[in-house]
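All ligand and atom numbering here is 1-based and tracks the order in the structure.
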Amino acid sequence: MLVDRLTETGQFLACSRFDPHLFSSPIEFSLANGVNVAIPSPGIIQFSPANQASKDIVLSCGVHGNETAPIEICDDLVSRILRLELCPRQRVLFIFANLPAMDIAQRFVEENMNRLFSGEHANSTAAQNQERLRACELEKVVGQFFQTGTSESTRFHYDLHTAIRASKNDKFAVYPFLHGGRHSHEQLAFLLACGVNTILLSESPTTTFSYFSSRQFGAHAFTVELGKVYPFGQNDMSQFAAVIKTLEALISEDHLSLPPFDSEKMYIYRVNQVINKHHHDFKLHFEDATPNFTDFEKGHLLASETGAEYRCEFDGEAIVFPNENVAIGQRALLTVVPTQL
Ligand SMILES: O=C(O)CCC(=O)N[C@@H](CCC(=O)O)C(=O)O
Ligand SMILES: [Zn+2]
């Protein structure tokens with residue numbers, strides 16, 4: 001029986017990927033420790049403890065199917081909860097977002113899912129595809145999860161990724177644009193405890209998953225980059241000990257006790273330029289192997305395409321997420337400059 005299989009093996013992700021028909025209709029059951037489990041569809045599993053929770057936590061991974069380390073981290077957490085080795089005391093929703101992209105070990109099948117949130121999936125000029133349908137489903141599931149929490153509970157969403165290339169600062173997070181809201185020092189302390197020592201402050205609305213939860217539901221939300229892309233089974237999981245331990249504590253403790261935020265330990269950047277690709281001849285003017293956060297002098301040519309050259313506007317302006325292979329109209333490069341909170 002399915003529930004026995006899940007609670008004995010913990011293999012929710014494997015069942016979702018390889019036997020998705022098992023979840024063709026929603027399933028709900030309780031674990032022996034009283035935790036309620038709800039599975040609305042493949043790759044989405046919600047745990048609600050019997051006790052009164054104070055936090056509603058979304059942990060998403062695999063929005064990009066080849067970013068495997070966060071998928072392996074979440075798979076292990078879910079598995080241990082199902083096998084009663086880890087007991088959640090907070091409401092937590094795990095999302096394994098792009099299952100078909102995991103199967104082909106690619107960032108996406110037809111379209112970058114992390115450009116489809118905040119309703120962009122319904123952009124009427126674009127053809128429907130599985131990433132658009134899934135983004136729409138994820139918006140609904142996250143909305144329902146947050147809206148069914150108590151009014152006293154605090155909302156969190158950590159959307160876990162890995163970067164395509166190496167980074168000078170190996171673990172970093174994008175703090176979505178807050179429209180004038182206050183950046184949370186408690187959240188920065190939490191990220192430091194996870195080993196994330198670099199923050200990018202976004203200064204404009206985006207169509208990413210983390211911006212969606214931040215803007216629509218007032219969640220403390222971040223895109224968290226955990227190292228570099230490697231195939232399944234080839235991640236050095238020792239690199240993630242701090243993030244795993246801190247996520248376990250977040251889920252399973254009533255109150256997290258963390259050292260206060262120490263700004264000396266955090267590199268903070270603000271996004272200076274969002275450079276989109278407008279033409280097929282868009283070209284980056286640095287080596288493919290150049291790591292994220294490499295900085296250049298003012299005036300340095302970073303990229304060019306028909307009718308435009310993109311140069312550093314400040315000394316010390318650094319590159320993040322360069323990718324000349326994105327679709328026309330999409331972000332091909334961010335530049336960031338150091339700042340303070
Ligand atoms: O390494 C790269 O080029 C991309 C890694 C990645 O998937 N990053 C996210 C960042 C989302 C954000 O800006 O919040 C993405 O590009 O979707
Ligand atoms: Zn990603």
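Stacking of R91 on the aromatic ring of F145 is recorded, both the 6.0 Å distance cut-off and the 45° axial limit being met.
No other N/O/S atom of H64 lies as close to the Zn ion (ligand 2) as ND1 does. For the Zn ion (ligand 2), the nearest N, O or S atom contributed by H161 is named ND1.
Taking the six-membered ring where tryptophan is involved, the planes of F12 and F23 are tilted, since the angle between them lies from 30° to 60°. Taking the six-membered ring for Trp and thresholds of 30 and 60 degrees, H161 and H64 have ring planes more than 60 degrees apart, a perpendicular arrangement.
Hydrophobic clustering, with ILVMFWY side chains joined whenever heavy atoms are under 4.5 angstrom apart, keeps I328 apart from F282.
For a threshold of 3.5 Å applied to N or O pairs, the pair formed by R165 and ligand 1 contains no separation below that value. Any N or O atom pair closer than 3.5 Å counts here, and N112 shares no such pair with ligand 1. For a threshold of 3.5 Å applied to N or O pairs, the pair formed by N114 and ligand 1 contains at least one separation below that value. In terms of N/O distances under 3.5 Å, ligand 1 is not approached by N292.
The protein non-hydrogen atom at the shortest distance from atom 13 (O) of ligand 1 is R331 NH1, 3.1 Å. Ranking the protein heavy atoms by distance from atom 2 (C) of ligand 1 puts F321 CD2, 3.2 Å first. Distance from atom 6 (C) of ligand 1 to its nearest protein heavy atom, with residue and atom name: E225 OE2, 3.3 Å. With hydrogens left out, the protein atom closest to atom 1 (O) of ligand 1 is I164 N, 2.7 Å, a heavy atom. At the top of the distance list for atom 14 (O) of ligand 1, counting protein heavy atoms only, stands T223 OG1, 2.7 Å.
Residue contact annotation: E67 places an N/O/S atom under 2.8 Å from the Zn ion (ligand 2).
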